[in-house]
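Small disclaimer: the values here were computed from a predicted structure and weren't measured. Because only heavy atoms are used, hydrogens play no part in the values below, and waters and symmetry mates are left out as well, while side chains stay in. Below, read A as the first sequence line, B as the second, and so on, with proteins coming before strands; counting in each chain starts at 1.
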There are 2 protein chains.
Amino acid sequence: MSAINKQVATSSLADQSLASLMAIFDSRDVVLGDDALPYAVDESRALTPQPSAVVFPRTHEQVVDLMHWARSNKVPLVPSGGRTGLSGGACAGANEVVVSMEKMNRILDFDPISGLVRVEAGVVLETLQEYCTERGWYYPVDYASKGSAQMGGAVATNAGGIRVLKFGMTRDWVAGIKAVDGTGETLDIDRCLVKDNSGYSVKDLLVGSEGTLAIVTEITFRLTRPLEHQHTLLVGIHDLDHMVDVFGKARNLAQMNAAEFFSESAVRVVTELHGLKSPFHEHYPFYLLLEYDEAGLDIDTLAEVFDGLDVIVSRNEKQKEYIWSLREWISSSINAQKPYKNDVACRISHIKEWLHDLESGLNAVNPAVNFIWFGHLGDGNVHINVLPSPDMARVAFDVLHERFDQVISEIASQYHATISAEHGVGVLKKDMLPGMLSDAEMTIYRKIKRVFDPDGILNPGKLFDG
Amino acid sequence: MSAINKQVATSSLADQSLASLMAIFDSRDVVLGDDALPYAVDESRALTPQPSAVVFPRTHEQVVDLMHWARSNKVPLVPSGGRTGLSGGACAGANEVVVSMEKMNRILDFDPISGLVRVEAGVVLETLQEYCTERGWYYPVDYASKGSAQMGGAVATNAGGIRVLKFGMTRDWVAGIKAVDGTGETLDIDRCLVKDNSGYSVKDLLVGSEGTLAIVTEITFRLTRPLEHQHTLLVGIHDLDHMVDVFGKARNLAQMNAAEFFSESAVRVVTELHGLKSPFHEHYPFYLLLEYDEAGLDIDTLAEVFDGLDVIVSRNEKQKEYIWSLREWISSSINAQKPYKNDVACRISHIKEWLHDLESGLNAVNPAVNFIWFGHLGDGNVHINVLPSPDMARVAFDVLHERFDQVISEIASQYHATISAEHGVGVLKKDMLPGMLSDAEMTIYRKIKRVFDPDGILNPGKLFDG
């Protein structure tokens with residue numbers, strides 16, 4: 001967009017504010033009007049986007065200047081990465097300025113001896129993964145949106161995904177962060193060390209803070225050795241007791257990388273849409289996908305341990321792909337039906353009763369809805385997807401969402417479960433948060449927010465209100 | 001100690017304060033006078049202990065009451081666990097009341113399906129390890145003081161140890177914390193879940209906060225599968241370049257559990273004191289100990305990869321013990337000489353230049369001192385031990401300590417290293433902290449402290465002053 005266009009594009013910023021904003025950035029790095037809209041939404045489409053502008057910093061120093069500008073002009077900033085979030089954390093409402101990190105997308109430093117890589121916040125996950133793999137290292141946090149999710153967003157949301165069971169969350173791989181807090185101070189924290197007990201872990205406070213405490217400009221990630229070749233298994237599961245039992249048996253064999261489950265309804269939608277065959281002659285209420293390193297675990301031992309069950313042990317890449325596609329294509333296969341989605345977790349030992357109560361509770365809201373269950377059993381993490389029955393009007397279904405939230409919230413509190421396992425709180429779940437946390441915790445959250453952002457200019461209205 | 005003794009024991013507490021303190025606890029759970037002194041020091045003996053009292057809570061509620069008492073009476077509290085710390089974090093000075101957690105030592109809950117164990121803060125590490133091992137699970141954070149170190153202290157100091165390379169620090173195993181903050185509020189945080197992205201990680205803020213933000217009363221730890229049988233290797237190392245090179249080669253083979261190094265001077269002191277043989281006919285400036293899971297790594301492959309080097313690959317338990325004793329007995333073998341100790345870490349890629357500069361810098365303070373080098377190469381973590389030459393007067397050596405601190409601090413800042421890898425800051429390193437952190441970070445530390453402890457009653461003077 002040219003500078004001339006920008007002059008005529010509408011913005012709710014006062015002329016003087018706009019002029020001082022334009023002084024920080026090259027003209028091609030500020031976008032106003034309708035062209036700004038796509039940068040003000042995420043996958044959730046939780047808010048009607050009404051940004052005053054989107055800016056594209058290219059340096060850390062520009063972010064510092066921007067923060068001082070925002071404080072002086074009392075304009076809220078909304079950090080924005082790949083906008084693959086599902087909770088509205090990167091949505092920008094009226095009069096907010098979006099800070100897109102996509103032009104800070106350089107890989108700055110690679111240290112093969114220490115196993116560290118330093119990147120700007122706008123580097124895309126897949127780019128990082130490929131860069132490391134080419135150099136004999138591995139960045140192990142992996143999830144479906146890797147083609148567009150950016151590392152700043154991964155840090156802000158503490159992204160999880162499919163190999164958390166073995167490798168943990170993004171938090172576990174952050175060795176250092178450079179960020180600008182809400183006062184414009186640069187925080188260049190941690191020495192990129194595994195061991196650094198030098199006081200409060202401000203780094204861990206920034207990870208998962210959803211852009212409400214600071215804007216992250218650079219991250220150093222720890223890396224690990226390349227992923228071994230994998231055995232992948234799919235097991236037909238009779239009921240939830242059986243699932244927990246098989247999981248326990250599997251865990252005794254060796255360290256698993258992944259333990260994913262999904263319901264028959266999920267398999268049906270994927271196989272029908274993609275023309276795939278059903279995994280077994282018999283249909284099961286649930287399926288469990290298990291993944292192990294090949295090294296140290298013989299394929300025949302694997303097959304033997306699950307003898308008597310309906311099980312596919314992958315013998316080649318094609319079989320692995322088939323098994324994983326049953327799991328990975330669920331979300332995209334149902335998106336057209338605009339399901340009600342939620343992302344929750346509880347202890348594995350409670351999962352049977354908890355899922356039962358969730359299904360009954362949601363069914364009590366409306367008996368005509370359908371469920372697609374899937375998630376990361378190894379982490380106790382379930383992605384709830386509720387679909388309208390075919391003859392239900394869209395609007396009749398959409399009005400149920402608030403009630404679904406309430407049911408999930410109430411049941412979460414009975415099970416000491418979380419209402420946000422890996423998708424974050426954003427705007428969509430902020431009303432559920434006080435039901436989960438104590439007043440003392442909410443008070444601490446608000447005070448921590450004021451430590452980093454006394455004027456409340458960083459992503460206001462996300463996580464909690466003012 | 002009887003109630004009568006307590007009446008006559010001296011205490012700097014005002015009569016009224018003492019009376020209200022005694023109202024919270026059973027009389028056998030309050031100790032005054034000289035009997036309190038052992039509870040007011042740690043291994044560092046950093047402060048002259050002068051506690052007003054030591055109290056032994058048996059319940060979370062007593063800790064809540066105690067906190068309210070401390071606020072009303074303006075008496076600082078010093079949390080105390082196994083007192084195995086090396087930085088003075090658990091030392092109590094004049095007019096402070098020590099809160100010993102040793103009577104809160106129950107294992108409260110064990111969840112074998114989810115792999116979780118909930119304990120009171122006073123449970124000893126070795127007790128926890130044995131409890132889990134007997135039940136087919138493993139708590140993997142392991143260090144020399146496990147026979148007396150308590151889990152509350154492990155959390156407060158984010159304890160590390162010998163298997164951090166594979167398993168990480170205590171932080172990585174904390175699933176939930178129950179604590180009392182400096183306002184007397186109970187924080188029952190986290191749902192014991194691997195995945196819980198519900199806002200700021202207050203849990204991670206408490207881990208490593210050295211008792212300055214809250215008193216931890218209960219912790220839920222995640223567990224992992226039992227440790228596999230181990231291959232243990234010892235390699236003779238020609239110089240620091242060679243050490244980093246061999247480490248890189250070792251890392252390519254398989255995931256290591258441990259990569260520990262020590263200098264010839266360390267081997268000499270251990271073998272002489274314990275009557276052990278030297279590992280090799282030839283003497284090397286350094287030795288590298290490597291540990292792998294047996295599963296997935298053939299012993300002959302191991303031996304082959306290190307062919308051409310002087311290497312012992314353990315073929316039985318006795319050999320493993322011998323190799324580990326060379327590493328584990330270093331500290332106890334030199335303690336009688338009261339070495340100057342420090343605990344630092346930097347990137348592995350900088351370790352050669354950094355150790356070289358450390359040795360030159362410390363030698364420049366006094367050329368007659370001797371060095372024992374050892375540490376966790378895989379974590380870039382070095383335990384510096386400086387010994388006086390045999391003819392040096394104790395007092396002449398002790399006056400050098402402050403200068404040693406300065407040298408280490410200066411060099412740390414050149415290398416972006418940490419002055420506290422795993423031992424914490426306590427009182428011994430608080431003067432070094434501002435040299436390592438920015439003013440912005442120190443400001444944030446102070447503000448965070450005030451969020452949790454507005455009256456400054458929790459372990460004041462630790463980490464930083466007021």
Original post:
Do B/S420 and A/S198 meet the criterion of a side-chain donor-acceptor pair at a distance under 3.5 Å?
Top reply: no

Subject >> A/D343, A/T170, A/N158 screened by side chain to side chain donor-acceptor pair (under 3.5 Å) with B/N197, the one that passes >> reply: A/N158

Subject >> Toward chain B, the part of A/P112 with a non-hydrogen atom under 4.5 Å >> reply: backbone

Original post:
For chain A, which of B/R251, B/R450, B/M432, B/K430 has the most heavy-atom pairs under 4.5 Å?
Top reply: B/R251

**OP:** Please state whether the side chain, the backbone, both or neither of A/T224 comes within less than 4.5 Å of a heavy atom of chain B.
**Re:** side chain

Original post:
Tell me, side chain or backbone of A/A417 under 4.5 Å from chain B's heavy atoms, or both, or neither?
Top reply: backbone

Subject >> Portion of A/L463 that has a non-hydrogen atom of chain B nearer than 4.5 angstrom >> reply: side chain

Subject >> chain B contact via A/E185 - which portion, at a heavy-atom distance below 4.5 Å >> reply: side chain

Subject >> Portion of A/K449 that has a non-hydrogen atom of chain B nearer than 4.5 angstrom >> reply: both

Subject >> Side chain / backbone / both / neither for B/Q255 at chain A, heavy atoms under 4.5 Å >> reply: both

Original post:
Considering only heavy atoms, which portion of A/E294 lies under 4.5 Å from any heavy atom of chain B: side chain, backbone, both, or neither?
Top reply: neither

**OP:** Side chain from CB out, backbone as N, CA, C, O: work out which of these in A/L116 comes under 4.5 Å of a heavy atom of chain B, or both, or neither.
**Re:** side chain

Subject >> Residue part contacting chain A, namely of B/L433, when any heavy atom lies under 4.5 Å >> reply: side chain

Subject >> Close side-chain approach of A/S201 and B/R171, heavy atoms under 4.5 Å >> reply: yes

Original post:
Side chain, backbone, both or neither: which part of A/L253 has an atom under 4.5 Å from a heavy atom of chain B?
Top reply: backbone

**OP:** Pick whichever of B/P226, B/A175, B/G115, B/C346 has the most heavy-atom pairs under 4.5 Å with chain A.
**Re:** B/C346

**OP:** Fit a plane to each ring of B/F464 and A/Y200, take the angle between them on a 0 to 90° scale, and name the class: parallel (under 30°), tilted (30 to 60°) or perpendicular (over 60°).
**Re:** perpendicular

**OP:** May I ask you to decide whether B/K447 forms a salt bridge with A/D181, counting only side-chain N to carboxylate O separations under 4.0 Å?
**Re:** no

**OP:** Let me know if A/R347 has heavy atoms under 4.5 Å from chain B in its side chain, its backbone, both or neither.
**Re:** both

Original post:
With a 4.5 angstrom heavy-atom cut-off, which part of A/V244 approaches chain B: side chain, backbone, both or neither?
Top reply: side chain

Subject >> Proximity breakdown for A/S87 and chain B, heavy-atom pairs closer than 4.5 Å >> reply: neither

Subject >> Interchain contact, B/H350 with chain A, by part (heavy-atom threshold 4.5 Å) >> reply: neither

Original post:
Quick one: does A/L205's side chain get under 4.5 Å of B/I448's, heavy atoms only?
Top reply: yes

Subject >> Toward chain B, the part of A/D172 with a non-hydrogen atom under 4.5 Å >> reply: side chain

